[in-house]
Amino acid sequence: MTTDTSQLPDDLEDERVRDLERLEVLDTPREDRFEQITRMARHVFGVPMASVALLDRDRLWFKSLQGLDLVQVPREESICKTTIVRTYHHPDDPTLIVEDASADPLFAGLPGVGGDDGVRFYAGYPLYGPAGHPVGTFCIYDTEPRTLDPDQLVAFAELAEWAQRELQRADELDRAAAMQAQLLPRPLTGLPGYEVRAVCIPAFVVGGDFYDHYPLRGGLVVTVADVMGKGLGAAILSSAVRSTFRGASRVMERFSHAATCSVLDTGAALTAAAENLADDCEHTGTFVTVFHAAVEFATGSVDYVDAGHGLAAIRRVDGSVAPLAGTGLPVGVLRESTWQAQCTHLEPGDTLVICSDGLLDLLDEHSDRQALYRFVAGHATPHDLIEAARALAGGRPPMDDVTVVAVRRCEDA
């Protein structure tokens, strides 16, 4: 029989729930990385049900549940609440094994226990929050009484450790995603005669795409970059790329007066940034495609450099699209590379559009740039273009990061 334990003291339960809340996982969608664990558990142990669950103040919520169609159950109707309390009393042996719940007075009266298809066997292992409090459980269930032999107990603990790592990873990635979102520039408003809209949608929790835009010397500087790879590694490097490019542009603004465009010599700025990034790219074995542009407000002149990006165009006021040629190498391919700026011009009503190849993948599985140009031609304003990109990514989850920036010179400029 299972020994009954008292409820946690209120102050300890408050600390435990705060630790749960730090994870920011409650009520998030199902994720395959957790589903893999519960599928594996059913296969390894030959049980009909397995779960990864989090215990809130008044409910047990399932992040993953195989074998039952449930989202949550009241806390007092769960065996997992006993696993959580047991963890504080037996920290060196936190596993709760109930060989036949229907014969245990502590659990026999719970809904879903016993009967023809109810739970008889239960094994639960605690999962911990960032501060070390037990906040959830990894569990397997059977409709027949059973035991776990020593080898099965080891396998059960190893699967629980897998679930724990994924829970920690969720916490770390969510924090990284929040930080990456905070590093994106705030929307620009009040520009004289110009409208700017942008979006960046990572394929995973975090990504290697980024964009930046900021006023500079009577104009606007825009950067779109795509770090090779996906996920956390690319996101870390993209942060360094962003700060390096902004820093190089600020230095060029202060000390250079020979820019083709009076705003910024983007070729010189990109070359300077690449020199600073050379060691990072070499050590990590990666490269970065970049489109770096400066728009002069008064004239509509655009000074730009394309370092292997190749996905920029101007949508003219009549709906035609003029691609901007880019022949430069990506940053990080050759250490001594230099880049020369090119020039174009925005007439009133024209829109400069820069995107990443994640949008191209959503538009056409063969990566046909003509599909991109048709998409750009079909949206006359930055707002419409960005909302259409959001809708594409929402309807078909992207396999690569999706970034779009649109800078329009207003028709009455």
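For reference, positions follow the sequence shown, starting with 1. Side chains included, hydrogens not; waters and symmetry mates left out as well; all remaining heavy atoms used.
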Is any side-chain heavy atom of [X] less than 4.5 Å from a side-chain heavy atom of [Y]?
X	Y	answer
L96	Y122	yes
F210	C200	no
L54	F62	no
R335	D279	yes
F121	I97	yes
C410	Y194	no
H345	R409	yes
F138	I37	yes

Backbone of [Y] reached by a side-chain donor or acceptor of [X] within 3.5 Å:
X	Y	value
D265	A268	yes
H309	C355	yes
R30	E35	no
R86	D93	yes
R315	A377	yes
D318	S320	yes
H379	F375	yes
Q342	D303	no
S51	A53	no
R42	Q66	no

Of all the heavy-atom pairs spanning [X] and [Y], show the shortest one and how long it is.
X	Y	value
Y141	P48	O-CD, 3.3 Å
A248	A272	CB-CB, 4.4 Å
A225	V241	CB-CG1, 4.4 Å
A313	V321	CB-CG1, 3.7 Å
L392	L363	CD1-CD2, 3.5 Å
L270	A307	CD1-CB, 4.0 Å

Please confirm whether H292 and F245 have ring centers closer than 6.0 angstrom.
yes

For F291 together with Y304, are the ring centres under 6.0 Å from each other?
yes

Spatial distance of atom [atom1] ([X]) from atom [atom2] ([Y]) [nearest 0.5 Å]:
X	Y	atom1	atom2	value
L346	T351	CG	OG1	7.5 Å
R165	Q168	CZ	CD	9.0 Å
L26	K63	CG	NZ	9.5 Å
S238	M228	OG	CE	13.5 Å
H133	R18	NE2	CZ	8.0 Å
L110	L106	CG	CG	7.5 Å

Stepwise side-chain contact (heavy atoms from CB on, under 4.5 Å) check, T223 with Y211:
CA-CA 5 Å; T223 309; Y211 70 87; over 6 Å; no

Could you walk me through whether T271 and T338 pass the side-chain hydrogen bond (donor to acceptor under 3.5 Å, both in side chains) check?
CA-CA 5 Å; T271 300; T338 59; 5.4 Å; no

More than 12 non-hydrogen atoms from neighbouring residues, nucleotides or ligands closer than 6.0 Å to CG on D10, yes or no?
no

Does a sphere of radius 6.0 Å around CG in D117 hold more than 12 heavy atoms from other residues, nucleotides or ligands, not counting ones at 6.0 Å or beyond?
no

Pairing of [X] and [Y] as salt bridge, 4.0 angstrom limit:
X	Y	value
R316	E347	no
R16	E13	yes
R246	D212	yes
E31	R33	yes

side-chain contact (heavy atoms from CB on, under 4.5 Å) evaluation trace for L55 with V135:
CA-CA 6 Å; L55 190 70; V135 297; over 6 Å; no

For [X] and [Y], test the side chains for any donor-to-acceptor distance below 3.5 angstrom and give the result as yes or no.
X	Y	value
T289	D226	no
T83	T137	no
Y128	T87	no

Testing L352, D306, V353 one by one against L324 for a side chain to side chain contact (heavy atoms under 4.5 Å, CB included), which residue passes?
L352

With M49 as reference, evaluate L70, V119, T38 under the side chain to side chain contact (heavy atoms under 4.5 Å, CB included) test and give the passing residue.
V119

Worked verdict on R390 versus E387 for salt bridge (charged side-chain N to carboxylate O under 4.0 Å, His left out):
CA-CA 5 Å; R390 288 185 190 276; E387 291 308 307; 3.6 Å; yes

Go through it in stages, so that I can follow the logic: the residues are L220 and H213, the test is side-chain contact (heavy atoms from CB on, under 4.5 Å), and I'd like the CA-CA distance, side-chain angles, deciding distance and then a yes or no.
CA-CA 7 Å; L220 173 72; H213 51 53; 4.2 Å; yes

Aromatic plane relationship, F45 with F156 - under 30° parallel, 30 to 60° tilted, over 60° perpendicular
perpendicular

Tell me, with the steps shown, if R59 and D27 meet salt bridge (charged side-chain N to carboxylate O under 4.0 Å, His left out).
CA-CA 12 Å; R59 59 175 175 152; D27 299 314; 2.9 Å; yes

Run I386 and V404 through side-chain contact (heavy atoms from CB on, under 4.5 Å) and show every step you take.
CA-CA 7 Å; I386 297 305; V404 184; 3.7 Å; yes

